[in-house]
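Accompanying notes for the structure given below.
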Amino acid sequence: MNDAAPAPTPAPAPRRARVRAPELIGRGGWLNTGGKELSLAELRGRIVILDFWTFCCINCLHVLDELRELEEKHRDTVVIVGVHSPKFVHEAEHQAVVDAVERYGVEHPVLDDPELATWKQYAVRAWPTLVVIDPEGYVVAQHAGEGHAHAIERLVEELEAEHGAKGTLRRGDGPYVPPEPVASDLRFPGKAIALPSGNFLVSDTTRHQLVELTPDGEDVVRRIGGEGVLKEPQGLALLPDGTVVVADTVHHALRRFDPVSGEIELLAGTGTQWWQGRPTSGPALEVDLSSPWDVAWWRGRVWIAMAGVHQLWTYDPETKTVEVAAGTTNEGLVDGPGAGAWFAQPSGLAATEDRLWVADSETSALRWVDTDGAVHTAVGTGLFDFGHRDGDAAQALLQHPLGVTALPDGSVAVSDTYNHALRRYDPASGQVTTLATDLREPSDAVLVGDDIVVVESARHRLTRLRLPEEAVRVEAVAHRTQRAATEVAPGRLRLDVVFEAPAGQKLDTRYGPSTRLLVSSTPPELLLTGEGTGTDLARELALNPEIGEGVLHVSAMAASCDDDPANEYPACHVHQQDWGVPVRIVEDGAARLPLVLAGMDREAGGAPDGP
């Protein structure tokens, strides 16, 4: 018999208070639900994962990709709900959220929360944040940042076992309703370059392809790749040998495309996302990359805007190696030697002889690297300062730019994405001006002669604009084609852009006006009134009689769709033309200027050249 006293029974650990998950509310409403509003009450019995995200955030995009496997594997028990919580003003626009959900292939319900109501209810402090709610409606976990998918999957398996045994787990189909597919030649294109042939090569991001277009940007020559080869490609760079480097963003890789043979080969990356502690230099096929967003050929190397880790890297085609060129992986705006500089999602690159220009999207900044590798800021002040303001660069503001393009005079055009504008920075004067507005999420631009062709990502097209004279430098040895000026009367001039939809088509007015007219002049003083953008294809202009002659720059667009009520998904076409019309003011000149916008079938020869 044991005379020892029995060991005391340990006191039970204090039970942690269970927190009931707050209801999901957001003024923007629901997406991917077929128009139905959801509530946590009707999701009771399912494991709910809330993904607080915003579409500007590269880490949020990483989390979307991390969750796809879990979402598929546990589709009958787990419901993922994206709660879109904007940082930038543009991200609070409902249509911008609609576009982002399609652009990034989100296949679960999304609550548009422009006023951060649900964000505040859950005391979220960072993008991205994941919150797990058990089948009884209680919060059981919260994770900020990326890289938590495996931990959450383990928790999901535990919750499935626990609530399966309790009888509180409900299996079945989720509330996701896919949107209707849309027919278009491009779908959220990212970047573009001009090929030696004169054709354009465009990264058709959402369809995971490269698309080669004719020089007018209208007709598809061929499609290259597909999801098995590319995944949301972005940046393109033409190499001296005529091949093209492609930033294969979601595959975390660089690939080389040969426009002659059509072959695609892997240049750099392992297919695995880079994490802290992994090598940052070495053989290109053995080093992980992280969401390369743009590429540029500069000083004998391919420079890489490594958006996923806020750095610039390089690929050396001679040694077939990669290495970090600038950035610490800290996110912010810090200038100085490359090794100590900070970036925030660099997303656009453009090379000149002595500078590599960088569109640093999250700081809404335009920056540049000099030939010694030091980093400088031309426009922008930090992560939370953004807007649309012209003037001196120290005071100017951008909003999440994704592209930058070198211009002939040493200035640069900035694709000011969230301002829907094309901006210009002139290093000589230190001034920022606006070249064009009423673009829709421009993400890149290509210089073609005196024109600039803009990738309007959210309008799924290329848009050609005329550069202002001050942005085009013509060397003394250069020549321009001389055209006879149109003689027009002083004072009022009626501009008529004549458009007739092709046979079997009609103007597409489903989502508002289907036409657009942009008018400007060189010199600007030529136009007293009538410049700017509108939706009417006719406009009254007032010409300055003190200006004897100049050029009217006219850009017109019209959208038409197949006129067949029996066709559920009619094919739609965008008809666009740009004119530079030399005019001379004379007393007996014309009072009307008609311009014909082609509306012929593609098979009939496409759009004509401007007069």
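Below, all heavy atoms of this structure are taken into account, side chains as well, without hydrogens, waters or symmetry copies.
- Using a 4.0 Å cut-off between charged side-chain N and carboxylate O, Arg103 and Glu441 make a salt bridge.
- No donor-acceptor distance shorter than 3.5 angstrom exists from the side chain of Thr377 to the backbone of Val379, with no hydrogens or angles considered.
- The existence of a salt bridge linking Asp204 and Lys191 is excluded, since no basic side-chain nitrogen approaches an acidic carboxylate oxygen closer than 4.0 Å.
- A 6.0 Å sphere centred on NE2 of His376 holds more than 12 heavy atoms belonging to other residues, nucleotides or ligands.
- Here the side chains of Val156 and Arg154 are not in contact, with every heavy-atom distance at 4.5 Å or above.
- Heavy atoms only, all atoms of each residue included: Pro86 and Trp127 are closest at O-CZ2, 3.6 Å.
- Under 4.0 Å is where a charged nitrogen must lie from a carboxylate oxygen, and between Glu107 and Arg68 no such pair does.
- With respect to the salt-bridge test (charged N to carboxylate O, under 4.0 angstrom), the residues Arg464 and Asp216 do not qualify.
- Ring centroids of Phe55 and Tyr104 are separated by 6.0 Å or more, keeping the two rings apart.
- A distance below 6.0 Å separates the ring centres of Trp53 and His84.
- Between Glu227 and Lys231 there is a salt bridge, since at least one side-chain N of the basic residue sits less than 4.0 Å from a carboxylate O of the acidic one.
- A donor-acceptor contact shorter than 3.5 Å links the side chain of Ser457 to the backbone of Pro189.
- A distance-only check finds a donor-acceptor pair linking the side chain of Arg423 to the backbone of Arg389 [under 3.5 Å].
- Between the Trp298 side chain and the Thr352 main chain, a donor and an acceptor come within less than 3.5 Å of each other.
- Leu312 places a side-chain heavy atom less than 4.5 Å from the side chain of Pro346.
- Put simply, the side chain of Leu383 does not reach to within 4.5 Å of the side chain of Leu333, judged on heavy atoms.
- Open room surrounds CD on Glu318; 12 or fewer heavy atoms of other groups in view lie less than 6.0 Å from it.
- Among residues at least two apart or in separate chains, side chain to side chain donor-acceptor pair (under 3.5 Å) pairs with a member in residues 392-406 are Glu362-His400, Gln399-Asn419.
- The closest donor-acceptor contact from the side chain of Glu456 to the backbone of Arg440 lies under 3.5 Å.
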Practice problem: With side-chain hydrogen bond (donor to acceptor under 3.5 Å, both in side chains) as the test, would you mind laying out the steps for Thr314 and Arg301 before giving the verdict? | Solution: CA-CA 6 Å; Thr314 62; Arg301 296 188 178 193; 3.3 Å; yes

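- A distance-only check finds no donor-acceptor pair linking the side chain of Asp219 to the backbone of Thr214 [under 3.5 Å].
- At a threshold of 4.0 Å, the pair Arg459-Asp99 does not count as salt-bridged, since none of the basic side-chain nitrogens sits closer than that to a carboxylate oxygen.
- The number of heavy atoms from other shown groups lying within 6.0 Å of CD (Glu353) does not exceed 12.
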